[in-house]
Amino acid sequence: MSEDKELMEAAPAYLRGKVVAIFAYENLGLEQAQRLRGQGIEVIVTLRQGSSVGRWLEEGFCLVSLWDAADQADVFQVW
């Protein structure tokens with residue numbers, strides 16, 4: 001079985017093929033975003049005021065505005 005197929009089978013069925021927007025603040029949001037991405041789920045991130053962008057960019061996450069997240073995402077998580 002290919003690695004991509006294994007990742008998608010491990011992801012919750014309701015998230016397969018969806019874009020998840022994380023409305024995040026620091027470590028909790030980052031950990032959740034990493035878990036989702038590790039399961040093959042597309043993750044976009046919008047940060048709360050006062051969050052630093054450095055670690056998110058180092059991890060390779062796509063940072064978008066709140067409005068762009070609302071337009072692009074199928075599922076929203078708030079941290």
Side-chain angles (χ1 to χ4, degrees):
M1 186 179 297
S2 76
E3 184 176 326
D4 289 340
K5 187 172 181 181
E6 287 176 19
L7 286 174
M8 287 309 293
E9 288 177 0
Y14 57 89
L15 293 178
R16 290 184 194 145
K18 305 282 191 226
V19 176
V20 176
I22 302 283
F23 294 89
Y25 182 78
E26 304 304 330
N27 291 335
L28 290 176
L30 181 60
E31 290 172 16
Q32 182 64 16
Q34 290 168 327
R35 286 187 191 115
L36 290 169
R37 185 174 64 183
Q39 292 183 337
I41 297 167
E42 183 179 353
V43 176
I44 59 175
V45 177
T46 186
L47 297 178
R48 294 180 185 212
Q49 187 173 1
S51 296
S52 72
V53 300
R55 187 151 179 221
W56 291 93
L57 294 176
E58 288 173 10
E59 295 285 334
F61 284 101
C62 176
L63 299 177
V64 299
S65 72
L66 176 65
W67 304 113
D68 288 339
D71 285 341
Q72 296 174 28
D74 301 298
V75 178
F76 302 91
Q77 289 191 341
V78 179
W79 289 95

**Study point:** Distance, nearest 0.5 Å, that separates CD1 of Ile41 from CZ of Arg16
**Key:** 9.0 Å
Review point. Between Gly29 and Trp56, which heavy-atom pair has the shortest distance, and what is it?
Key: C-CH2, 3.4 Å
Check your understanding: Looking only at atom types and distance, does a side-chain atom of Asp74 sit under 3.5 Å from a main-chain N or O of Lys18, one as donor and one as acceptor?
Key -> no
**Study point:** Partners passing side chain to side chain donor-acceptor pair (under 3.5 Å) against Arg55 (at least two apart in sequence or in another chain)
**Key:** Asn27
Exercise for review: Begin from the C-alpha positions of Gln77 and Leu36 and carry the test side chain to side chain contact (heavy atoms under 4.5 Å, CB included) through to its verdict.
Suggested key: CA-CA 11 Å; Gln77 289 191 341; Leu36 290 169; 3.8 Å; yes
For residues 57-69, which side-chain donor-acceptor pairs fall under 3.5 Å, sequence neighbours excluded?
{"residue": "Glu59", "atom": "OE1", "partner": "Gln34", "partner atom": "NE2", "Å": "3.1"}
{"residue": "Ser65", "atom": "OG", "partner": "Trp67", "partner atom": "N", "Å": "3.4"}
{"residue": "Ser65", "atom": "OG", "partner": "Asp68", "partner atom": "N", "Å": "3.0"}
{"residue": "Ser65", "atom": "OG", "partner": "Asp68", "partner atom": "OD2", "Å": "3.4"}

Review point. Side chain to side chain contact (heavy atoms under 4.5 Å, CB included) between Ile22 and Ile44: does it pass, once the steps are laid out?
Key: CA-CA 6 Å; Ile22 302 283; Ile44 59 175; over 6 Å; no
Check your understanding: Are Val75 and Val19 joined in one hydrophobic group, where the rule is that I, L, V, M, F, W and Y side chains link up if heavy atoms are under 4.5 Å apart?
Key -> no
Exercise for review: Look up atom CG in Leu47 and atom CD in Gln49, then write down how far apart they are to the nearest 0.5 Å.
Suggested key: 11.5 Å
Check your understanding: Is there a side chain to side chain contact (heavy atoms under 4.5 Å, CB included) between Val43 and Val45 once you walk through the steps?
Key -> CA-CA 7 Å; Val43 176; Val45 177; 4.1 Å; yes
Review point. Who pairs with Glu42 by salt bridge (Lys or Arg N to Asp or Glu O under 4.0 Å), at least two apart in sequence or on another chain?
Key: none
